[in-house]
There are 2 protein chains.
Amino acid sequence: MQPVSPRAGSVGRPPRLSKEALLQAAHRVLEAEGPGNLTMRRLARELSSTPMALYYYVRDKDELLLLLLEERAQRFPRPQLPTDHRERLLCAAQVLHDMFVGCPWIAEVLTADDLMAVSALWVVEAMIDSCIACGLSPEAAVYSYRVIWHYTVGRLVVPTVPEQPRPQTEQPPGRARAATAPPLKRSPIRRPNRRSPTRRTRTVRSWGSSWQACYPARGADPRGPSHASSRDNRPMASSRYDVA
Amino acid sequence: MQPVSPRAGSVGRPPRLSKEALLQAAHRVLEAEGPGNLTMRRLARELSSTPMALYYYVRDKDELLLLLLEERAQRFPRPQLPTDHRERLLCAAQVLHDMFVGCPWIAEVLTADDLMAVSALWVVEAMIDSCIACGLSPEAAVYSYRVIWHYTVGRLVVPTVPEQPRPQTEQPPGRARAATAPPLKRSPIRRPNRRSPTRRTRTVRSWGSSWQACYPARGADPRGPSHASSRDNRPMASSRYDVA
DNA sequence: ACCTGAACACCGTTCAAGT
DNA sequence: ACCTGAACACCGTTCAAGT
């Protein structure tokens, strides 16, 4: 919490960049063009600098992403968790989800390597604590945490149709709404044009999610009598449950 | 199921490549060098061909990945599902998992776009059917399916420590072993050197998974007094649950 | 201490042309 | 019908050098 700039007795050229500047610029690019366009080169351009300058502040791109994650986790308001053990577990799980929902680069971070923000660990500890307080052994508590974590990752990582309304008629068992749900600031998920904007796809909505299947460009399949190609006329239309 | 090659009355140059050849070569590359090295160019090299030739058989790289997925789903033995509704649901869920476990490119496919193999849809339908047979409304059944699907994706997508033993002491509630668990052929997950092999990382094992945090190369942080840099000495060692 | 230029070794994809 | 060469517009990262 010291004043930002002039270090006493500093030598050498004063910096024009900083870690914060990188992060801010990264956010701007992310907001404007999506995660597919957040590259070191693009980021440098955003900062009117060169790609190489970034490497002075950041080891590689992964570290940049990790820093973004870290910042997000730090900024996230730390809610008052319920005292009831079960409620606390659910609420913490919700926090873990909300912490990272809506940042589309999360998939890249979570799947790339086992990167995780240390600033989010308090949630993890809260969850495991709650499990133990509920009477689980440490091993079972960890196991339970990981089940919830895997579910959360799935939620964060699979591309979604704009909204996923829960069925209101009957609450599925064991899935009570967390008590103090923190503000879910859902930034607009804008998928960038990932490489080929000319791609022709067919979107089949089924089971509340959109399944996209691309099919060959040139009408009927021109690629010889491979017995796999009989799969190319997708039988999706026959699926029985279309509840989107 | 026709004989592979010579189409009667064919004109033009006979093909040297085929969709199957692509897929086989892709498998070889995947096996030998991991998903990070499966590129169109590498694939062409594997086939002693040019990158461009591939685009005659495949619209783009995504379609190639989708084909790999499709093939996998088709090859997967279709087990006899139990008649008991609840058991059937659990078993089908297990199938959905086992179908894609151990193929490390799955993350890329599932997160890239909402690509899914149509050959795997029978599992999905079985799951939703089971839910309905259990008495759920169609909406609730779909909701339940999606919960399971998200969990499955999480399992498939997060990088894991070699083995994840379940706590044997007490079976967590509601997580019965699926009746006819199909053969789990776990191909060795070898993460390729993803770009920078010189990267120095520190691995912290916690909660049964390894969390890796990279830290700056040059000893103590040389990057000025950014208040975020105080985060760079990771306080992970203080975590209380180290059950790896 | 902080930043740059040039270069390396890659990507996916398009286009027009060749046989 | 099937494939190629050359090119486009990118990547992340390293290295040596400049101020």
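Lettering of chains follows the sequences in order, A, B, ..., and the numbering in each one begins at 1.
Per the geometry, CG belonging to B:L43 stands 10 Å off P belonging to C:dG12, to the nearest Å. In this entry the distance linking CD of A:E63 with P of D:dG12 reads 15 Å, nearest Å. Here the P atom of nucleotide C:dG12 and the CG atom of B:L64 are 10 Å apart, to the nearest Å. As a whole-Å value, the separation of A:L17 CG from C:dA1 P is 17 Å. Taking atom CG of B:D62 as the reference point, atom C1' of C:dG12 lies 11 Å away to the nearest angstrom. Protein atom CG of B:L54 is 13 Å distant from nucleotide atom C1' of D:dC2, rounded to whole Å.
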Taking only N/O atoms, report every protein-nucleotides 5-11 of chain D pair under 3.5 Å with atom names and distance.
from: D:dC11; atom 1: OP1; to: A:T39; atom 2: OG1; distance (Å): 3.2
from: D:dC11; atom 1: N4; to: A:R41; atom 2: NH2; distance (Å): 3.3

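Picking from C:dT14, C:dC3, D:dT13 the nucleotide with the shortest atom distance to the side chain of A:P15 gives C:dC3. Distances were taken from every side-chain heavy atom of B:S49 (C-beta onward) to each of D:dT4, C:dT4, D:dT13; the shortest belongs to D:dT4.
Within the 4.5 Å cutoff, side-chain heavy atoms of A:L68 are placed close to those of A:L38. Looking only at side-chain heavy atoms (C-beta outward), B:Y56 and B:P15 stay at 4.5 Å or farther from each other. In this structure, A:H150 and A:V153 have side chains that are not in contact, with every pair of non-hydrogen atoms separated by 4.5 Å or more. Side-chain contact between B:L110 and A:V158 is absent, with no heavy atoms from C-beta onward closer than 4.5 Å. A heavy-atom distance below 4.5 Å is not found between the side chains of B:I148 and B:L96. When side chains are defined from C-beta on, A:L64 does not count as touching A:L54, because their heavy atoms never get closer than 4.5 Å.
Annotation: of the two residues near DNA chain C, A:S48 and B:P51, the 5′-most nearest-nucleotide partner is A:S48.
With sequence neighbours left out, B:E71 forms a side-chain hydrogen bond (donor to acceptor under 3.5 Å, both in side chains) with B:R75.
Between the side chain of B:D60 and the backbone N or O of B:E63 there is at least one donor-acceptor pair closer than 3.5 Å. Using modelled atom types, no side-chain atom of A:Y57 and backbone atom of A:L22 make a donor-acceptor pair closer than 3.5 Å.
Residue A:Y55 places at least one side-chain N or O under 4.0 Å from the OP1 or OP2 atom of D:dT13. Put simply, A:Y56 has no side-chain N or O that comes within less than 4.0 Å of OP1 or OP2 on C:dC3. At the phosphate of D:dT4, OP1 or OP2 sits under 4.0 Å from a side-chain N or O atom of B:R16.
With both ends at atom P, the span from D:dC10 to C:dA9 equals 22 Å, rounded to whole Å. Here, D:dC8 and C:dC11 have their C1' atoms 12 Å apart, quoted to the whole Å.
Every stem involving DNA chain D, taken as at least 3 paired positions in a row under the Watson-Crick or G-U wobble test at 3.5 Å, is listed here: C:4-8 with D:12-16, C:12-16 with D:4-8.
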